[in-house]
Amino acid sequence: MSKPRVCYWFRTDLRLHDSPALKAALDLTPECLYPIWTWDPHYVYKARVGPNRWQFLIDCQNDLSTSIANINPSSKLFVLREAPQTLFPKLFKEWRISHLVFEKDTDAYARERDERIIQLAHEAGVKVVVRTGRTLYDPDELVKKNHGEPTMSVSQVQNAGKLIGPIPRPLPAPKSLPDPGELSLSFNQERPTQDPDYNSAHRKGLDKSYSALAGPNGDFSVPTLSELGIEQSTTPHRGGEKNALEMLLSIVMDKDYTATFEKPKTAPTAFSPQATTLLSPHLHFGSLSCREFYWRVQDVVNEYKGRASNPPTSLTGQLLFRDMYFGAQAILGYKFGQTYGNPHCRFIPWHLPSKIDIESGLITNEYFIDSATAQTYLERWKYGRTGFPWIDALMRQLRQEGWIHHLGRHAVACFLTRGGCYIDWERGAEVFEEWLIDHEAACNIGNWQWLACAAFYSQFYRCYSPVAFPQKWDKEGRFVRRYVPELEHYDQKYIYEPWKAPIADQKKWGCLIKGDALGGDEKFKIYPKPMFDFAKRREICISAIKNAYKVGLYGNDPKVLDGSWWKLFDDRAEGPTDGKRGPPGVTIEHENAAGDECHLEDSRLPKPARVENMNTMSGQKRSAGQSTLDALVKRLKR
DNA sequence: CCTCATGTTGCCCTG
DNA sequence: GCAGGGCAACATGAG
C-alpha cells in the first residue's frame, strides 16, 4: 500500500500552531503534502471586502507561506486561482491526491461548498478528513447539546460546553513538513464570471485575480493588492501568525490586564494604544488559534493571586460569545443573516429594508429606498458626516483602520437602528462586512441583531447617547480630535456638541458648523450640523420599537413572509408604514406624524414592498390586522 | 400561577 | 469625582 498523497486546504486556519486539521494531515504520514489555498470567487466577488481586510488576508498568507518554507524550503503555501468546486476534481487527478484535509467551517456558504467538495472527492476516490479548530467547541456539537436550538446566550454555551467536555489544550506547531509532490498543471483554468462584483467600488486597477491558475508568474505566489485590482490599504493593523503570537505574548505577560479584563470597563475612546487586544482579526483568519488564546489566558487566571474576572465579561468570556454566535449561525444557516424567514429575529419595520429573492427566500444585494431621508442618514452615517462627532469619529476610524472598539460598534449600531435613524440593521451589517478587518459573519450578524434589539437583547429603552456616553470615557474629546481633526481646536465643552458653540468661538477654533457636508478653506473648515435632533429621534425610535414588540412578529411569521405585516402597524408610526404605505395600488392620504420632518418628501417616493411577489397576500387569513385595516379603509373613503 | 434575579457594557440625579 | 439608586419601556429561567 503506497503512502498517502495529501492536499491540505487552508481556509480559516492560516497558522501552523494548534491546528487539529493540520495535525490530522500529518498523522497520515504522507508521502507528500500540498499546502494550498484556492482563491474562491465567492469571496472575491460576492463577499463585501474592503482593501484593509484584503491586506490582512494577504499578510496572513505571506506569513504562513514563509513559515512553511522555514520548516521545509521546498514547500510553501501554493495559491491557486480557481473556484474549489471546479478546481479540485482536476487537481485530485493531476497531483494523484489520496486525501483532502481541511478545518471545518460552519458558515452558511462554506458549508454548502464543503458538502459539494466532499461529494466531488468521494467521486474521485479521495478520502476527506475534516477537523474542528475554528471555535472552542464544534458549533454543531454545541447546538446538539443545546437541545438542537441555536445558542442564544452565553450561559447556554457554558451549559452545552460542559456536556461536551473540557476544551482541549493547544497543539504545538509541526517541526517538519513533507515535500509537496510534482507541481504540474496540465489542465485548463476555469475563470469565474465576476458580475456582479460587490467590491467594484474598491477595484481601482485592472482585476487580474484570475489571470493565470498559478498567478502571473506561474509560481503559486500569494497575490498582491494590485493583482486583485484593489486600491491601497490604510490600516495600521497587519496580519500574520507571527504578529498574532507576539501580540498574545505581550498580553499574557501583563497578568493584571489578562486576569482582570472586563470588557464593559474598557474605554472605546482609547486609540493609542487601544483598550482591547486587537486579536479578533487574527481569530477570524485563524492566524491565532482560539484555543491557544483561551489556554494562555486561563493559565494566567488560574495562577492569579488577586480577584480575577469571570465570563462573560472576562477575556475568555469573549471567546464564549464568539462560540454563541457560531452556534446560532450553524443551525440557522443563511437565515441567521437576515430577518426574513428567521424565527429568532424580531420583525421591526425598519427603513431601507432588503429586497428578497422569492425563489430562495434570501436577501439580495439590493434594498428598498422607502425614505429619501433615511437613505441620506445612511450615507452620512457610513462616511462620518452625521454632525455628531462621536459617531463620525468612530465611522472614520472604522473606514481608515478597519477596527473600532466593541462599545464604539455598539454606539454606531444603536445610532443607525433603534437609537436614531431607524434603518434596517442589515444595512449596517453590510457596511461592517465591507470595512472591518475582523469581520466574522456570525459575530457581525449577531451583534447587529443584538444592538437593534431584534434578537439576543431586548432593552430598547437603553439607548446610547452620542454625547453623554463618550463623555463618560473621554471628557476632553481626544478621540474625536484624532479622527475628526476639523474639530481639533474646539473646547472640550463643545467637543461632542459643536453646533452649540457660539459663532465667534467657531471662528476662533477654525471650523464652522453648518450645512450637511464637509468642506471649507484655509481659514475655516466646515463640519456639518447634526442631521437630526437626537432626543426627538430617540423618542420616535423607542416608541416604534415598543410598538413592534407589541405586534410581536418574528421573521418567520407568515405575515412577514407574504408581506401583509404592514396591516398590523399603525400607518402613522415610524418606518415604511409611516403615512403612505398601503396595499399595492392604493395610495393613502398623508397625515403628518409629530416630530418627523421627513414625511412630506417621502410621500413622493415609489411605494416600497418588502417582497417582490405579493400574490400570496390575498389568500391570507386576516386576523389581528383587521382593525387597522378597517381604519385604513375608513380613511380612504373619507 | 407567581416572584425574583439576571442579562457583557444606559442615563440621570443624588449624596 | 464617583457610587448607587430610580427608572419601571423587556425576556427568560429558576424555584
A:S354 and A:E426 side chains, donor-acceptor separation under 3.5 Å: yes
Interatomic distance where CD belongs to A:E476 and P belongs to C:dG1 [whole Å]: 10 Å
A:K559 to A:W566, cation-pi by 6.0 Å centre distance and 45° axis angle: no
For A:M395, the option from A:V484, A:T386, A:V431 that meets side-chain contact (heavy atoms from CB on, under 4.5 Å): A:V431
Minimum-distance nucleotide to A:Y464 side chain [options: B:dG10, B:dT8, C:dC10]: B:dG10
Atom P, compared across B:dT6 and C:dG4: separation rounded to whole Å: 16 Å
Sugar-phosphate only, base, or nothing, as touched by A:E262 at under 4.0 Å among non-hydrogen atoms: nothing
Sidechain-backbone polar pair: A:Q156 side chain, A:M152 backbone, donor-acceptor under 3.5 Å: yes
Nucleotide B:dT8, atom P - distance to CE of A:M152 in whole Å: 12 Å
A:Y383 and A:D392 side chains, donor-acceptor separation under 3.5 Å: no
Gap in Å between the two P atoms, one belonging to B:dA5 and one to C:dG5, rounded: 14 Å
Salt-bridge contact A:R169-A:D299 (side-chain N to carboxylate O under 4.0 Å): yes
Donor-acceptor contact below 3.5 Å, side chain A:R380 vs main chain A:R385: yes
Cation-pi, A:Y483 ring and A:R396 (6.0 angstrom, 45 degrees): no
Integer-rounded Å distance: B:dC11 P and A:Y496 OH: 13 Å
Spacing of the P atoms in C:dG6 and B:dC4 (rounded, Å): 15 Å
d(NZ, A:K550; P, C:dA9) in whole Å: 13 Å
Rounded distance (Å) that lies between atom C1' of B:dC11 and atom CD1 of A:I542: 11 Å
A:S465 side chain, from C-beta outward: closest of B:dC11, C:dC10, B:dT9: B:dC11
Parallel, tilted or perpendicular: rings of A:W473 and A:F469 (30°, 60°): perpendicular
Closest to side chain of A:Y549, choosing from C:dA9, C:dC10, B:dT8: C:dC10
P-based separation of B:dT14 from C:dA8 [nearest Å]: 15 Å
Side-chain N or O of A:R346 closer than 4.0 Å to phosphate OP1/OP2 of C:dA11: yes
Whole-Å distance separating the NE2 atom of A:H405 from the C1' atom of B:dT9: 9 Å
Distance, rounded to the nearest Å, where A:L451 contributes CG and B:dT9 contributes C1': 10 Å
Residue A:V154, side-chain atoms from C-beta onward, closest of C:dG13, B:dT9, B:dT8: B:dT8
5′-ward residue of the pair A:E539/A:Y554 relative to DNA chain C: A:E539
Distance-only donor-acceptor check, side chains A:E433 and A:H439, under 3.5 Å: no
DNA chain C stem ranges, 3 or more consecutive Watson-Crick or G-U pairs under 3.5 angstrom: B:2-7 with C:10-15, B:10-15 with C:2-7
Distance in angstrom units between A:R322 CZ and B:dT8 P, rounded: 18 Å
Residues within residues 454-461 of chain A bordering DNA chain B, heavy-atom distance below 4.0 Å: A:Y457, A:Q459
